[in-house]
Amino acid sequence: MTDHLNSAPVAYQNEPFLNSPDGRILRILAEYHEPLARFRREQIQDTVVFFGSARFQGREIAAENLAAVGEKNATPEQMEHDLKRAQAHVDMARYYEDARKLAHMLTKWSITIPARRHRFVVTTGGGPGIMEAANLGAFEAGGKSIGLNIQLPFEQHPNQFITPSLNFQFHYFFMRKFWFAYLAKGLVIFPGGFGTMDELFEILTLAQTEKLAKKILVIIYGSEYWNKIINFQAFVDAGTVSPQDLDLIKIVDNPEEAFEFLRDGLTQHHLGESPKKKREVLPDIAQTRP
């Protein structure tokens with residue numbers, strides 16, 4: 001029989017405590033400080049965030065899936081449903097290809113910017129669909145890209161084109177949203193669902209209320225889709241937003257127009273700043289209002 005107890009774990013290695021309600025504040029802080037440390041280590045100064053549906057596919061895969069619908073043993077009702085869904089994926093595949101092309105163009109340009117840190121790095125939610133397309137475009141251009149993934153009941157797995165050292169996993173939606181907004185100098189909203197609209201209006205609200213200390217460019221991509229989903233002018237007509245609030249967004253329909261808007265706006269608002277102090281080592285992470 002020993003005359004002493006075994007040592008208890010130190011608090012920061014006590015997993016039952018860390019995973020308990022009492023440890024929640026530490027988990028929240030970890031989802032702030034760990035990404036911050038990594039962004040500093042990887043010398044990420046700012047980002048351009050791509051949002052859009054996780055359900056879209058590339059043109060080739062969508063076409064293959066449409067052709068395969070008839071091969072399944074299904075009821076006529078299920079066959080009709082599957083055919084309609086597969087055709088929709090073919091129709092929407094152009095947005096996957098456009099996101100890929102735009103991210104490629106943006107990354108090719110950004111890596112030529114003479115800077116000590118990485119500027120305007122393509123960032124996504126890290127999953128499939130438009131997220132995968134944007135990460136893929138940046139990867140093909142030879143640049144870094146960021147994936148801010150999150151644990152979901154239906155398991156959203158990180159796509160393979162994220163820069164491995166910039167692959168993040170979050171538990172808290174609000175901490176993930178913080179990192180989307182905090183580093184962003186540009187936002188590109190492709191067609192998407194509830195999550196895409198949530199992110200769009202959150203950023204627009206921050207810009208409208210001047211909670212972001214620096215200019216953020218917001219592109220709405222795909223007028224055919226968005227004009228059916230949101231009537232922005234109706235906000236103004238009803239008096240719920242000011243006419244000038246619509247100047248916060250730019251609606252575009254092709255990658256070239258989107259790239260030109262981003263390039264010109266980012267150059268105007270974010271590449272004319274005074275040089276940093278000689279010995280400064282921390283990245284100039286985006287500021288917010290005090």
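- A 4.5 Å side-chain heavy-atom check between Leu36 and Trp179 finds at least one atom pair inside the cut-off.
- Between Phe180 and Phe51, the ring-plane angle classifies as perpendicular under the 30° and 60° cut-offs.
- Taking all atoms of both residues into account, the shortest heavy-atom contact from Ile203 to Ala181 is CD1-CB, 3.7 Å.
- Below 30°, between 30° and 60°, or above 60°: for Trp109 and Phe259 the angle between ring planes is above 60°, a perpendicular geometry.
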- Could you check Leu148 against Thr124 for side chain to side chain contact (heavy atoms under 4.5 Å, CB included), going step by step and ending with a plain yes or no? CA-CA 6 Å; Leu148 304 180; Thr124 77; over 6 Å; no

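- In this structure the side chain of Phe39 reaches within 4.5 angstrom of the side chain of Leu183, judged on heavy atoms.
- With 3.5 Å as the limit, one finds no donor-acceptor pair spanning the side chains of Gln268 and Asp264.
- Each of Phe173, Phe168, Tyr172 was scored for a side chain to side chain contact (heavy atoms under 4.5 Å, CB included) with Phe170, with one residue passing: Phe168.
- Within the 4.5 Å cutoff, the side chain of Ile162 has no heavy atoms near those of the Pro164 side chain.
- Ring-plane geometry between Phe201 and Phe232 is classed as tilted, the angle between the planes lying from 30 to 60 degrees on a 0 to 90 degree scale.
- Sorted by first and then second residue, the pairs that involve residues 187-206 and meet side chain to side chain donor-acceptor pair (under 3.5 Å), not counting sequence neighbours, are Lys177-Asp198, Lys177-Glu202.
- Side chain of Asn159 to main chain of Gly127: a donor-acceptor pair is present (N/O by atom type, distance under 3.5 Å, no hydrogens or angles).
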